[in-house]
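In what follows, every chain begins at residue 1, and chains take the letters A, B, ... in the order their sequences are listed.
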There are 2 protein chains.
Amino acid sequence: MKKSNLTINDIAKALNVSKSTISRALRDAHDVNPETKRKVMAFAERHDYRPDSQAKGLRSRSTKTIGVIIPAYNIPFYSIAICGIQDYAMKMGYNVIICHSNEQYETEIKNVEALLNANVEGIIISVARDTAKNEHIRKLRRKGIPLVLFNRVIEDFKAPKVVVNDYYGALNMVNYLIKTGCRKIAHISGPANLLLSNNRKAGYLDALAQADIPEDDNLMIEGDFTIESGMTCMQKLLEKNREIDGIFAVCDAVAFGAMKALKNHGIKIPDTISVAGFTNEPMAALVEPSLTTVKQPIYEIGETASKLLFAQLEDPELPAELCVLETTIEVRESTRKLNSSATDSMG
Amino acid sequence: MKKSNLTINDIAKALNVSKSTISRALRDAHDVNPETKRKVMAFAERHDYRPDSQAKGLRSRSTKTIGVIIPAYNIPFYSIAICGIQDYAMKMGYNVIICHSNEQYETEIKNVEALLNANVEGIIISVARDTAKNEHIRKLRRKGIPLVLFNRVIEDFKAPKVVVNDYYGALNMVNYLIKTGCRKIAHISGPANLLLSNNRKAGYLDALAQADIPEDDNLMIEGDFTIESGMTCMQKLLEKNREIDGIFAVCDAVAFGAMKALKNHGIKIPDTISVAGFTNEPMAALVEPSLTTVKQPIYEIGETASKLLFAQLEDPELPAELCVLETTIEVRESTRKLNSSATDSMG
DNA sequence: AAAACTTACGGGAACGTTCCCGAAAAAAGA
DNA sequence: TCTTTTTTCGGGAACGTTCCCGTAAGTTTT
C-alpha cells in the first residue's frame with residue numbers, strides 16, 4: 001500500500017519557507033522566529049501532520065522498536081507480563097513487536113530472524129519449552145543486540161535475566177504443605193532443560209530434606225507446562241502410588257490438570273490430597289477448590305525486563321544483571337488448613 | 001541507540017562493484033551476471049547482511065506494519081484472537097503493533113494516535129467497554145487508513161466488521177436452557193453501547209418469547225464483562241428474585257462471577273440454577289462445574305479480521321463487509337441434563 | 001563489417017527527515 | 001559609519017534503499 005501523507009516539503013511550499021525552518025519549528029528549536037513557528041505549528045496541527053517515522057528513523061539511525069518473544073499467547077502469565085513490558089516501552093517512546101514461538105525451538109529461531117529483519121534495537125525473550133540450544137541467542141549477542149531473558153531463562157548464558165526466586169518459592173510452598181500435615185508430597189516438575197524447573201524441584205527436595213522426609217523417585221514425574229500434562233502425570237502418579245497426600249506442581253496449569261485428574265478419580269481436594277501450584281494466574285482464584293499457589297509479581301516481571309533492556313540500550317557496556325523478584329504464598333482452598341497448634345512462622 | 005549494520009555500500013566497496021548491482025543481485029534480478037550474483041549472495045550470507053527496513057520502507061513508501069487495539073491483554077479471548085491476527089499478518093510479511101486501551105475510551109484515543117505516529121498501514125480494533133463515541137475512528141476513515149472492527153464493534157459505522165452471530169448464539173443457548181426445563185432464566189447483559197450486548201440480549205428475549213415465557217425486568221441486569229461484575233449482578237438478582245432457575249451471562253467471565261456468587265450462597269449448580277456463558281474461553285472447561293457456553297471460533301475471528309484488513313490494503317475501494325462467523329453450543333456440566341424424552345433437535 | 005540487439009553494470013535521483021554550515025538582515029557596540 | 005554580534009533562515013549533504021536511465025562491452029543479424 002502506498003502512503004501519501006503530508007510532508008515537511010509540502011508545508012514548506014505552502015508557507016513559503018524552507019524545509020529546514022519547518023523542521024526546526026516543529027521541533028520547537030530556539031533559532032526560529034516565534035511568529036513563523038506559530039504559523040508552522042498551526043498549519044501542522046490543522047492538517048494533522050505526522051512526521052514519517054521511517055525517514056526520521058533512517059536519519060537518526062534508530063527504529064524505536066523492540067522485540068519480544070514468548071512461548072505462547074494463551075498462557076495467562078505471558079499476557080500479563082507483556083502488558084508490563086509494553087507499558088514501559090511505550091512510556092519510553094518505543095514500539096513493541098511480539099512474536100510467539102508456539103513452544104517450538106524451530107519457530108523461536110524464525111522469530112529471532114523476523115525481529116532482526118525488522119531491525120529491532122533489543123529483544124526480550126522467554127524461551128520455548130523445548131529450547132535447549134542457545135546458538136540463536138548467542139547470535140544476537142555477537143551482533144551486539146541488547147537482550148533480556150525472563151521467566152524461562154537459559155543457564156550458563158551471560159545476559160540480564162529476570163526471574164523469581166523459584167527455589168525459595170518452592171521451598172516455602174512445600175514447607176507449608178508439610179506444616180499442614182502432608183507427608184507424601186509428589187512433585188510434577190517442568191522440562192529439565194529449563195532452569196526454572198530445576199530450581200523449583202531443588203526447593204521441593206530441600207524442603208523434604210529439612211523435614212527429614214525421604215525423597216522418593218516414585219513421587220517425582222516430569223511434565224511440561226500444560227493442563228493435559230498435569231492430568232496425565234497425575235494419572236501416572238496415582239497408578240504408581242496410593243498414599244500421596246499432597247501435590248506440588250511446577251505451575252498453575254499443571255496443578256489444574258492434576259485437580260481435574262483427581263476429581264475424575266473421586267479424590268477429595270484437599271481432604272485426601274492437597275494441591276499447590278506456582279504463578280498465581282487469574283484462574284487460580286476461580287477453580288474449585290481455589291488453588292493455593294506461589295504468587296509471582298507477573299506484571300512487575302515484565303516491567304523489570306523492559307527496564308533492564310532500556311538500561312542496556314542506554315549503556316551497552318552494562319554488566320549483565322540477574323534480577324530476582326520475590327514470591328509470596330497465596331493460601332486458598334486446595335490445601336489443608338494449617339493446624340493452629342502447629343508453628344505459624346513461615347517465610 | 002545507534003545501529004551500525006552492514007550496508008549495501010559496504011558490500012559494494014568490498015566487492016568492487018556498484019551498489020546498484022548489489023541491490024539487484026540481492027533481489028535476484030535478471031540483469032546481473034550469475035557469477036557476481038553468487039559472490040554477492042555469498043558475501044551477504046557470510047556477513048549476515050540485513051537490508052535496513054526503514055530505508056527500504058522510505059523508498060517504497062510502505063511500513064509493512066499494522067496496528068491492533070484491544071481492550072485488555074488479560075481477557076483470554078483477545079490473547080487468542082491476537083494470535084490469529086498476527087499469524088496471518090506475519091504470513092503476509094507484516095509486523096504487528098498491539099496496543100491495549102485498558103478498557104478506557106481516553107486511552108483508546110491515545111492508542112490511535114500512537115499507531116498513526118508509527119505510520120501503520122491499517123488498524124484492527126475492538127473497542128473499550130465504555131467507548132460510545134466514534135470520532136477517533138472516523139478520523140482514521142478520513143485519513144484513508146484501512147480499518148477493521150471485530151468482536152466489540154460500533155454500530156452505524158461503515159467499516160468491515162468481524163463478529164459472531166451473537167443473536168442466534170444467544171437464542172440457541174436460551175432455547176437449550178428452556179429445553180432442559182428452565183423457566184425463570186435471568187440475563188446478565190453487557191454494556192448497552194455495544195452491539196454485541198444488545199444482540200445477545202435480543203436473542204435471549206426472543207427465545208423467551210418463542211417459548212411463551214413472559215419477560216421480566218427483574219430478571220435482567222446490566223454488567224460489564226468482568227468476573228466481579230458477574231458476582232455483584234448475581235448477588236443483586238438473588239436479592240430481587242428467589243425463583244431463578246437459570247442464568248444466561250453475556251460472557252464467560254461474567255458467568256464465572258455468577259457461579260462464584262451462587263457457590264457463596266450455597267446454591268447448587270446446575271441442580272437449582274443452571275449457568276450458561278458465551279465465548280468458550282479455555283477456563284470454561286476447567287471451572288467446577290465446567291461451564292456450558294456458546295462456543296466462538298476465536299482464532300478464526302482474529303484471522304478473518306486480519307484477512308479483511310489485507311484485502312482492504314490491496315484494494316482500498318473494497319466495500320465494507322460484515323463477516324459473521326457461526327457459533328455452536330458447548331454443553332458441559334453447569335446446565336441441567338437434557339431430558340431425553342424432550343425434543344433433541346437444536347441448532 | 002556495419003547495424004542491431006543483448007548482457008551486465010554504474011551513475012544518480014528520489015523517498016522524508018535532520019543537521020551542519022553559511023549568509024542575509026537586523027541589532028548592538030565602537 | 002564601520003565593525004561585531006545576534007537573530008533568522010536557506011542550501012545541501014546524509015541516512016540506506018530502489019529504480020530509471022545510460023553505456024560499455026559482447027553477441028547476433030544483415
Side-chain angles (χ1 to χ4, degrees), chain A residues 1-41 43-44 47-65 93 116-121 143, chain B residues 1-41 43-44 47-65 93 116-121 143:
Chain A
M1 229 334 252
K2 299 288 153 49
K3 53 183 179 185
S4 63
N5 284 330
L6 191 68
T7 78
I8 234 174
N9 273 306
D10 301 330
I11 305 183
K13 258 169 216 151
L15 264 49
N16 230 344
V17 279
S18 78
K19 61 178 158 60
S20 309
T21 305
I22 304 292
S23 177
R24 274 189 296 259
L26 289 174
R27 275 172 303 114
D28 205 19
H30 63 284
D31 58 345
V32 48
N33 190 312
E35 174 60 15
T36 52
K37 189 182 289 185
R38 202 191 50 71
K39 267 198 278 188
V40 172
M41 295 282 209
F43 190 94
H47 293 81
D48 195 40
Y49 164 79
R50 283 161 207 280
D52 184 300
S53 58
Q54 312 205 76
K56 202 194 293 206
L58 178 58
R59 177 63 227 229
S60 67
R61 305 180 59 59
S62 76
T63 55
K64 294 276 184 193
T65 303
L116 284 176
N117 287 334
N119 297 114
V120 296
E121 295 181 27
K143 292 181 79 73
Chain B
M1 231 329 256
K2 298 288 153 50
K3 53 183 175 183
S4 62
N5 285 331
L6 190 67
T7 79
I8 231 173
N9 273 305
D10 300 331
I11 306 184
K13 259 169 216 153
L15 263 49
N16 231 345
V17 279
S18 76
K19 60 179 158 62
S20 310
T21 303
I22 305 294
S23 176
R24 274 189 296 259
L26 289 174
R27 276 172 302 115
D28 206 17
H30 63 285
D31 58 344
V32 48
N33 189 311
E35 175 60 15
T36 52
K37 190 183 286 184
R38 203 192 49 72
K39 268 198 278 186
V40 172
M41 295 282 209
F43 189 95
H47 293 82
D48 195 40
Y49 164 77
R50 283 159 207 280
D52 184 302
S53 58
Q54 312 206 75
K56 203 194 294 204
L58 177 59
R59 177 63 227 231
S60 67
R61 304 182 59 59
S62 77
T63 55
K64 294 277 183 191
T65 303
L116 284 177
N117 287 335
N119 297 113
V120 295
E121 294 180 29
K143 292 182 79 72

Within this structure, what is the [atom1]-[atom2] distance for the pair [X] and [Y], rounded to the nearest 0.5 Å?
{"X": "B/Asn5", "Y": "B/Asp52", "atom1": "CG", "atom2": "CG", "value": "7.5 Å"}
{"X": "A/Met41", "Y": "A/Ile11", "atom1": "CE", "atom2": "CD1", "value": "11.0 Å"}
{"X": "A/Asn9", "Y": "A/Lys19", "atom1": "CG", "atom2": "NZ", "value": "6.0 Å"}
{"X": "A/Asp48", "Y": "B/Lys143", "atom1": "CG", "atom2": "NZ", "value": "3.5 Å"}
{"X": "A/His47", "Y": "A/Leu6", "atom1": "NE2", "atom2": "CG", "value": "7.0 Å"}

[X] side-chain N/O to [N] phosphate OP1/OP2 under 4.0 Å:
{"X": "A/Thr36", "N": "D/dC9", "result": "yes"}
{"X": "A/Tyr49", "N": "C/dG16", "result": "no"}
{"X": "A/Arg61", "N": "D/dG16", "result": "yes"}

Whole angstrom is fine here: how far is it from [atom1] in [X] over to [atom2] in [N]?
{"X": "B/Lys64", "N": "D/dT17", "atom1": "NZ", "atom2": "C1'", "value": "15 Å"}
{"X": "A/Gln54", "N": "C/dT18", "atom1": "CD", "atom2": "C1'", "value": "16 Å"}
{"X": "B/Asp28", "N": "D/dT18", "atom1": "CG", "atom2": "C1'", "value": "16 Å"}
{"X": "A/Glu35", "N": "C/dA25", "atom1": "CD", "atom2": "P", "value": "20 Å"}
{"X": "B/Asn117", "N": "C/dT17", "atom1": "CG", "atom2": "P", "value": "12 Å"}
{"X": "B/Ile8", "N": "C/dG12", "atom1": "CD1", "atom2": "P", "value": "17 Å"}
{"X": "A/Lys56", "N": "D/dT17", "atom1": "NZ", "atom2": "P", "value": "21 Å"}
{"X": "B/Leu15", "N": "C/dG10", "atom1": "CG", "atom2": "P", "value": "10 Å"}

Flag side-chain contact, heavy atom, 4.5 Å: A/Thr21 against A/Leu15 | no

Partner set under ring pair (Phe, Tyr, Trp, His ring centres under 6.0 Å) for B/Tyr49, not counting sequence neighbours | none

Do the side chain of A/Lys37 and the main chain of A/Ala29 share a donor and acceptor less than 3.5 angstrom apart?
-> yes

Quick check: does any side chain N or O of B/Gln54 sit under 3.5 Å from a backbone N or O of A/Ser62, one acting as donor and the other as acceptor?
-> yes

Nearest-nucleotide wise, let me know which of B/Ala55 and B/Ser18 is further upstream toward the 5' end of DNA chain C.
-> B/Ser18

Atom pairs under 3.5 Å, N or O on each side, protein against nucleotides 19-24 of chain D: can you list them with distances?
residue : atom : partner : partner atom : Å
D/dC19  : OP2  : B/Arg27 : NH1          : 3.2
D/dC19  : N4   : B/Ser20 : OG           : 3.4

Rounding to the nearest 10°, end axes of the helix from C/dA1-D/dT30 to C/dA30-D/dT1 built from five pairs each make an angle of 60°

Closest to the side chain of A/Leu58, out of D/dT17, D/dC15, C/dG11, is D/dC15

Closest to side chain of A/Asn33, choosing from D/dT17, C/dG16, D/dC9 | D/dC9

Residue pair B/Asn9/A/Lys37 against DNA chain D: nearer the 5' end by closest nucleotide is A/Lys37

Is it true that the side chains of A/Arg24 and A/Ser20 contain a donor and an acceptor less than 3.5 Å apart?
-> no

